[in-house]
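As structure tokens, the structure follows; a few thoughts come after it.
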Amino acid sequence: MSIIFRYLTRQTLATMLAVSGVLLMVFMSGRFIKYLAEAAAGELSADVLFAIMGYRFPGFLELILPLGFFIGILLAYGRMYLESEMTVLFACGVSDRQVLGHTLVAGFVVMLLVGAMSLWVTPWGMKNVDRIFNEQSQATEFEMLTPGRFQSLDDGGRVTYTRSLSDDRRMLQGVFIAEYSETDEQLSLVVADEGSQFVDDETGSRFLVLENGARFQGLPGELDYSVTEFEAYGLKIAEQDARGSIDEEGLSTAALMRSDDPELRALLHWRFSLPLIVPVVTLLAVRLSRVNPRQGRFFHLLPAMMIYILYLGLLIVARDALASGRVPEWIGMAWVHVLFLALGLWLQFGPAWLRRRRLEREGGARAQA
């Protein structure tokens, strides 16, 4: 039995890793493209992109692992049914309950991993993501510049361009700044050969000191522009206000337990629900993986995925209902798990029970005859 257990575990986990790897690549690449666009627009520094993705990795993993394990069981066991490996195992004395028990052992390991991600690692990662975003919100326009790119700053009121930027981000070459004032509707254009950052020791204010350039100011469409040439010209760099707040996803599980806020309590139930998904979908997948060789390898995937989507969708609905107070906390999200646990138990043991009951009735009818 140990050989069979290792074989089933290896088949399931290998497929789970392959499926989870593909899903991680899809979801993380989409999120990375979003952050890359923000960096290109000057909202984020390119230096922090990989740090943000690294801290968000556990959050992706906690959602993908249950789905990957579910699909892994469907694909691995489905192939074994099609190639008659399961038929051979059953002929050698392996029962359905033993296959289910061995799979639940592997699912227990996955459940512990998802629980660790959901309860501790993911909140820690999201807290660090919030810290990075807070630091970025305090960064000056000067620090967010990208060489060779026009960047809209100051909520679109200023467009800045620099041909090159030193490694320490203190010296600029080939500077262009266009700024529009909504109060007097005037447009101001500044060009300079180079620029540098200056910090006032007394006030702590930062200035961009431009050298060897000119300033053009006037109304768009008019000819009476004022032109001012300068050897040195200072622009104050606006300091951004820090967000100062921590997203609820970054709060620790212990902090959620101490909170009385319904939304935070709903988040706490959600964190505990994620690892509970694994044993329930294991029970469902073992039964749904049974296929007839004539039906094809992927025939059973569509109804199985519909059940999983319904499961996850009801959990989201239950979380919203709990956060809004429509469902008491003592019920929480447990009713969704109980519903699909009952479905899994029925799929696993219901047909055999009905068959046994039918045989008992037929035997009783023959005895009476």
Side-chain angles (χ1 to χ4, degrees), residues 4-5 8-9 11-12 15-16 65-82 85-87 89-90 93-111 114-115 269-270 272-319 321 327 330-365:
I4 296 175
F5 170 70
L8 293 175
T9 303
Q11 292 294 317
T12 304
T15 309
M16 180 199 74
L65 277 182
L67 177 58
F69 190 65
F70 180 70
I71 298 177
I73 296 174
L74 293 173
L75 294 179
Y77 287 4
R79 180 194 62 80
M80 294 176 68
Y81 276 107
L82 289 175
E85 293 185 26
M86 283 295 187
T87 305
L89 289 179
F90 295 148
V94 179
S95 65
D96 292 343
R97 295 187 179 185
Q98 288 176 320
V99 173
L100 176 61
H102 293 327
T103 311
L104 284 173
V105 172
F108 180 73
V109 177
V110 178
M111 183 183 70
V114 174
H269 282 262
W270 173 262
F272 280 106
S273 290
L274 289 179
L276 293 178
I277 293 176
V278 178
V280 177
V281 298
T282 301
L283 187 63
L284 291 168
V286 170
R287 181 61 182 87
L288 294 173
S289 63
R290 298 179 183 178
V291 293
N292 191 320
R294 296 180 180 179
Q295 294 175 341
R297 183 173 183 178
F298 303 104
F299 178 80
H300 61 302
L301 286 182
L302 180 59
M305 291 305 301
M306 293 299 294
I307 292 176
Y308 187 91
I309 292 173
L310 180 61
Y311 188 8
L312 195 60
L314 285 180
L315 284 176
I316 296 174
V317 171
R319 176 180 175 178
V327 175
W330 65 271
I331 294 178
M333 303 168 66
W335 63 272
V336 182
H337 298 292
V338 172
L339 177 64
F340 282 87
L341 178 62
L343 176 62
L345 291 173
W346 174 256
L347 291 176
Q348 188 69 34
F349 304 109
W353 180 80
L354 290 176
R355 186 167 55 253
R356 186 168 58 252
R357 291 282 296 174
R358 188 181 68 251
L359 292 176
E360 290 176 356
R361 286 196 302 268
E362 292 176 354

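Computed from a predicted structure; not experimentally measured. Worth knowing before you read on, the calculation uses all heavy atoms, side chains too, and leaves out hydrogens, waters and symmetry mates.
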What heavy-atom pair brings [X] and [Y] nearest, and what distance separates the two atoms?
| X | Y | answer |
| --- | --- | --- |
| Ala76 | Thr15 | CB-OG1, 3.8 Å |
| Ala106 | Phe69 | C-CZ, 4.1 Å |
| Gln98 | Gly93 | OE1-O, 3.5 Å |
| Tyr77 | Ser289 | CB-OG, 3.4 Å |
| Leu315 | Met333 | O-CE, 3.2 Å |

Could you list the donor-acceptor pairs under 3.5 angstrom formed by side chains in residues 275-285, with sequence neighbours left out?
residue : atom : partner : partner atom : Å
Thr282  : OG1  : Val278  : O            : 2.7

Supply the atom-to-atom distance [X] [atom1] to [Y] [atom2], rounded to the nearest 0.5 angstrom.
| X | Y | atom1 | atom2 | value |
| --- | --- | --- | --- | --- |
| Glu85 | Leu8 | CD | CG | 9.5 Å |
| Arg97 | Leu100 | CZ | CG | 9.5 Å |
| Arg361 | Arg356 | CZ | CZ | 12.0 Å |
| Phe70 | Tyr308 | CZ | OH | 8.0 Å |
| Leu343 | Ile307 | CG | CD1 | 5.5 Å |
| Ser273 | Ile316 | OG | CD1 | 11.5 Å |

Determine whether a donor-acceptor pair (N or O, by modelled atom type, separation under 3.5 Å) exists between the side chain of Arg287 and the backbone of Leu347.
yes

For Thr9 and His102, which I'm curious about, is there any donor-acceptor pair between the side chains at under 3.5 Å?
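There is no such pair between these side chains.
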
Applying side chain to side chain contact (heavy atoms under 4.5 Å, CB included) between Leu301 and each of Leu75, Val291, Leu288, report the one that passes.
Leu75

Side-chain heavy-atom pair Leu310, Met305 within 4.5 angstrom cut-off:
no

Please lay out, stage by stage, how Met16 and Val110 fare under the test side-chain contact (heavy atoms from CB on, under 4.5 Å).
CA-CA 10 Å; Met16 180 199 74; Val110 178; 4.0 Å; yes

Count the heavy atoms of every other residue, nucleotide or ligand shown that sit under 6.0 Å from CZ of Phe108, and state whether that count exceeds 12.
no

Quick one: side-chain contact (heavy atoms from CB on, under 4.5 Å) partners of Phe90, sequence neighbours excluded?
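With neighbours one apart ignored, the set is Tyr81, Met86, Asp96, Val99.
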
